[in-house]
Amino acid sequence: AGKHEKTRSMLSDTKEPALDIDFHIGLSFFKENKLTEAIQYWLKVPTESQVYFSAHVNAALAFEQQSNIEKAKELLNALT
């Protein structure tokens, strides 16, 4: 788990306002099976980011893994 925490720390400390930092932090949490934290970061990805769609699909899949099917459907429907 240490390498993921270090990665998150480095990404959070980045001075450049990159649009996909939250996406990568979300992936880091997901790899540790911390679905709630991953979802929180994926939902923060701004709409103008190139990874916005992927972030919301990932969040929907994580909601599904938490057996929150309604929230997963809601997120996916918002993308269409």
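By convention here, the first residue in the shown sequence is residue 1. We use all heavy atoms of the structure for the numbers below, so side chains are in, but hydrogens, waters and symmetry mates are not.
Residues I39 and A59 share a closest heavy-atom pair of CG1-O, 4.0 Å. Nearest heavy atom pair, residue A38 against residue G26, reads CB-O, 3.3 Å. Contact detail for A62 and W42: the closest heavy-atom pair is CB-CZ3, 4.1 Å.
A distance of 9.0 Å separates OG1 of T47 from NE2 of H56, quoted to the nearest 0.5 Å. Between the CG atom in N58 and the CZ atom in F53 there is a gap of 10.5 Å [rounded to 0.5 Å]. Separation of atoms CG (D22) and CG (L27) is listed at 11.0 Å; rounding is to 0.5 Å.
A single hydrophobic cluster is seen to contain both L79 and F23, as judged by linkage of ILVMFWY side chains at heavy-atom distances under 4.5 Å, directly or through other members. L43 and V45 fall into different hydrophobic clusters, where Ile, Leu, Val, Met, Phe, Trp and Tyr are joined by side-chain heavy atoms under 4.5 Å apart, directly or via other members. Put simply, Y52 and L75 are part of two different groups of oily side chains (I, L, V, M, F, W, Y) that touch within less than 4.5 Å, one to the next. Residues L35 and L61 are members of one and the same hydrophobic cluster, defined by side-chain heavy-atom contacts under 4.5 angstrom among Ile, Leu, Val, Met, Phe, Trp and Tyr.
Annotation for F29: atom CZ counts as buried by contact number, over 12 foreign heavy atoms lying within 6.0 Å.
The shortest distance between side-chain heavy atoms of Q66 and T36 falls below 4.5 Å.
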